[in-house]
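Scroll down for the structure; my scribbles are underneath it.
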Number of protein chains: 2
Amino acid sequence: MSDVARLAGVSKMTVSRVLAGHSVSEKTQERVRQAIDKLGYVADAAAGALSSGRSEFVAVLVPSLSSSNFSDTVRGLMSTLEPHGLQLLLGDTDYELEREERLVRSMLRYQPRCIALTGAQHTDATRKLLERSAIPVVEMWDLPSKPIDTAVGFSNVRAARAMVRHLAERGYQRIGFLGGASALDSRGLDRLKGYRAEIKALNMGEPRVIRLGESPITMSHGAPAMAAMLEKYPDTDAVMCVSDMSAFGAIMECHRRGLSVPDDMAVAGFGNFEVAECCHPSITTVSVDPFGIGLRTGEALLAALEARDTGAEIASQSIPIEYTIIARGSA
Amino acid sequence: MSDVARLAGVSKMTVSRVLAGHSVSEKTQERVRQAIDKLGYVADAAAGALSSGRSEFVAVLVPSLSSSNFSDTVRGLMSTLEPHGLQLLLGDTDYELEREERLVRSMLRYQPRCIALTGAQHTDATRKLLERSAIPVVEMWDLPSKPIDTAVGFSNVRAARAMVRHLAERGYQRIGFLGGASALDSRGLDRLKGYRAEIKALNMGEPRVIRLGESPITMSHGAPAMAAMLEKYPDTDAVMCVSDMSAFGAIMECHRRGLSVPDDMAVAGFGNFEVAECCHPSITTVSVDPFGIGLRTGEALLAALEARDTGAEIASQSIPIEYTIIARGSA
DNA sequence: TTGAAAGCGTTACCAA
DNA sequence: TTGGTAACGCTTTCAA
């Protein structure tokens with residue numbers, strides 16, 4: 001910056017002002033810009049952050065980058081935050097709370113302006129770290145009963161209950177659930193909880209649950225899970241899956257066995273992934289809006305930062321994201 | 001840090017040394033750690049970077065976060081770089097060279113230690129920026145004829161040619177190509193180029209090309225593209241698709257029309273996405289290794305940094321990633 | 001509209 | 001093994 005200042009014949013401060021868009025006469029601005037171009041000068045953001053006491057980082061933690069659910073949420077966040085010059089610090093927790101804690105600790109070292117996490121479950125140490133950092137926090141994809149600060153999401157329990165009701169209304173009597181075995185995917189566990197609750201509420205007998213494989217649930221989870229279901233509860237007439245991914249795999253397994261979907265076996269998914277619309281039969285599912293969760297989270301974060309700047313006290317809130325049952329060919 | 005030092009009864013420098021793992025007596029270390037815990041002190045990475053003149057950032061640019069291809073590459077990068085305490089700065093160029101340039105410019109402000117880009121195409125300004133920054137650069141997913149520095153990828157042209165040969169060897173005579181319309185997806189364009197070249201080399205007549213929709217190519221691109229192909233070249237007996245995603249959509253469209261795959265119409269994909277293995281019929285495809293590209297890129301980056309530290313001059317190289325044709329049911 | 005000086009929180013360097 | 005001092009490159013603040 002000194003070099004630029006010297007070449008333009010001004011002080012460092014003037015260069016700084018030009019870069020920040022503060023009031024500088026046209027002529028001076030022009031000269032400074034030319035000097036910048038000539039030297040290929042790029043301002044050091046770390047120094048700026050240190051000096052001004054405010055970074056332009058937003059920390060974001062998702063359980064898995066390879067699930068389109070979460071990568072879409074990240075895209076939503078990016079599209080909201082980038083225009084404000086904010087830079088995402090992205091971390092993949094791999095569904096592990098300890099990894100989340102490690103990542104939070106490591107990211108906090110960059111003094112992010114705010115942070116978005118996935119889910120309601122965090123280690124005590126994570127909570128303490130966040131509290132101490134005193135920055136705005138948003139929990140995504142869930143509506144925790146005791147949110148740390150703000151939350152943007154929906155109740156996976158209720159969404160799963162709605163799907164069971166949907167299947168029951170369509171006349172299916174012996175409804176099973178295909179989920180993951182991981183004790184760490186709390187969205188998945190909530191869906192299972194919802195399934196159990198509604199089966200009980202509707203007096204539909206013993207729950208029929210198959211749990212197979214680690215999160216993130218992929219297509220290849222579906223086939224063996226469906227096979228296990230048919231083995232254990234041969235008279236099942238419908239299954240709801242924790243994800244469209246496994247629903248797709250389950251349908252393929254039915255095809256392979258010569259079972260017609262939905263006549264011999266109805267299948268429902270969760271998430272409204274692209275495959276649910278494109279495959280045959282298309283998959284009845286719960287449509288959620290991952291990109292929208294990212295957008296709304298971004299907006300909530302911006303609002304919190306704005307409030308902080310103006311000194312306004314902002315009430316932390318839980319922002320519900322709509323979901324809908326989409327009835328298609330598979331159920 | 002001063003607070004910690006005071007509480008532990010040492011100087012700031014000693015605290016800094018404890019954090020950096022430099023030689024400090026056991027006893028002192030213990031006291032310092034206790035003080036850190038008690039105060040919940042978190043070192044400021046920006047200040048450290050400023051002082052030491054080296055950040056812990058690695059800039060990474062991909063065309064699209066929603067393609068599992070690239071999110072897997074990002075995961076590969078993360079898994080290699082995180083153990084070394086490096087933090088990814090991730091950017092999504094949305095297949096736009098100008099956006100890439102903007103992102104590079106913005107990321108360079110954080111003084112990343114090195115940078116990974118996707119593809120061989122960049123604006124002149126981007127190239128100049130990278131040159132000026134004088135940090136190690138890796139281009140991924142391609143083997144440019146004039147790499148900026150290091151490259152990790154494979155020839156999409158050759159891979160596509162290999163697929164055409166595979167189909168020809170299987171006896172298909174009238175082979176078409178289903179690709180995207182985007183002029184910016186150079187991996188896609190290279191595959192088209194390879195298709196044309198091999199069709200010509202094998203004397204298979206006029207190329208039959210349908211180009212529809214923007215990148216990233218998704219499942220929903222496939223059905224209309226297949227429809228257009230049947231409209232324009234009704235006697236086509238095989239199509240190769242720029243991606244497994246559109247191949248899946250194309251197969252669904254065949255099912256809808258009562259065409260048997262592969263008897264009435266063979267379909268091949270590209271990428272060996274999960275759906276290619278799980279759907280029915282399973283899809284013949286080119287298996288590439290997106291996670292491996294990320295891994296190797298991370299290793300190349302680490303090697304370059306290492307070399308820089310030891311003062312060794314490292315020759316920039318092009319690292320080829322293997323791909324293979326996987327023959328399955330669809331072709 | 002512009003400039004000078006102080007200071008942000010850390011690490012490099014040299015001295016003890 | 002430890003401590004003091006001077007930077008790192010910027011922005012804030014105050015003065016002109």
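Here is the naming used below: chain letters follow the sequence lines, and residue numbers restart at 1 for every chain. Nothing here was measured: the structure is a model prediction, and the numbers come from that model.
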Which atom pairs link the protein and nucleotides 5-7 of chain C when you take only N or O atoms and keep those under 3.5 Å?
| unit_1 | atom_1 | unit_2 | atom_2 | d |
| --- | --- | --- | --- | --- |
| dG7(C) | N2 | S51(A) | OG | 2.9 |

Inset, instruction - Without swapping roles, check the side chain of S52(B) against the backbone of G48(B) for a donor-acceptor pair under 3.5 Å. - result: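 Yes; judged by distance alone, with no hydrogens or angles, the pair exists.
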Legend entry - Partners passing ring pair (Phe, Tyr, Trp, His ring centres under 6.0 Å) against F70(A) (at least two apart in sequence or in another chain): W141(A)
Between [X] and [Y], does any side-chain N to carboxylate O distance fall below 4.0 Å?
| X | Y | answer |
| --- | --- | --- |
| D3(B) | K12(B) | no |
| R31(B) | E26(B) | no |
| E131(B) | K128(B) | no |
| E82(B) | R99(A) | yes |
| R75(A) | D94(B) | no |
| E101(B) | R127(B) | no |

Inset, instruction - Output the single nucleotide from dG3(C), dG9(C), dG9(D) whose closest atom is nearest the side chain of S11(A). - result: dG3(C)
Legend entry - Nearest listed nucleotide, side chain of M1(B), among dT11(D), dC14(C), dT11(C):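 Among the listed nucleotides, the one closest to the side chain of M1(B) is dT11(C).
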Inset, instruction - State yes or no: are the ring centers of Y110(A) and Y110(B) separated by less than 6.0 Å? - result: no
Inset, instruction - Describe the nucleic acid contact of G53(B) in one word from base, sugar-phosphate, nothing, applying a heavy-atom distance below 4.0 Å. - result: nothing
Inset, instruction - Looking at every strand, decide which applies to A43(B) at a 4.0 Å heavy-atom threshold: base, sugar-phosphate, or nothing. - result: sugar-phosphate
Legend entry - First encountered from the 5' end of DNA chain D, between A49(A) and V10(B): V10(B)
Output the rounded distance in Å from [atom1] ([X]) to [atom2] ([N]).
| X | N | atom1 | atom2 | answer |
| --- | --- | --- | --- | --- |
| Q111(A) | dT10(C) | CD | C1' | 11 Å |
| Y41(B) | dG9(C) | OH | P | 10 Å |
| Y110(A) | dG9(C) | OH | P | 18 Å |

Inset, instruction - Rounded to 10°, tell me the angle between the two end axes of the helix from dT1(C)-dA16(D) to dA16(C)-dT1(D), each built from five pairs. - result: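 That helix has its two terminal axes inclined by roughly 30°.
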Inset, instruction - Report the residue (L50(B) or R17(B)) whose heavy-atom-nearest nucleotide on DNA chain C is the more 5′ of the two. - result: L50(B)
Inset, instruction - With rounding to the nearest 0.5 Å, note down the distance linking CD1 in I321(A) to CD1 in I293(A). - result: 5.5 Å
Legend entry - Residue-phosphate contact under 4.0 Å: T14(A) side-chain N/O, dT1(C) OP1/OP2: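 No, outside the criterion.
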Legend entry - Sorted by number, the residues of residues 128-137 of chain A with heavy-atom contact under 4.0 Å to DNA chain D: none
Inset, instruction - Sequence neighbours left out, what passes side chain to side chain contact (heavy atoms under 4.5 Å, CB included) with E30(A)? Give chain and number order. - result: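 In terms of side chain to side chain contact (heavy atoms under 4.5 Å, CB included), with neighbours along the sequence ignored, E30(A) is linked to Q34(A).
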Inset, instruction - Check step by step if side chain to side chain contact (heavy atoms under 4.5 Å, CB included) holds for V62(A) and T93(A). - result: CA-CA 6 Å; V62(A) 293; T93(A) 70; over 6 Å; no
Inset, instruction - Please work out which residues in residues 19-38 of chain B have a non-hydrogen atom less than 4.0 Å from an atom of DNA chain C and list them by number. - result: none
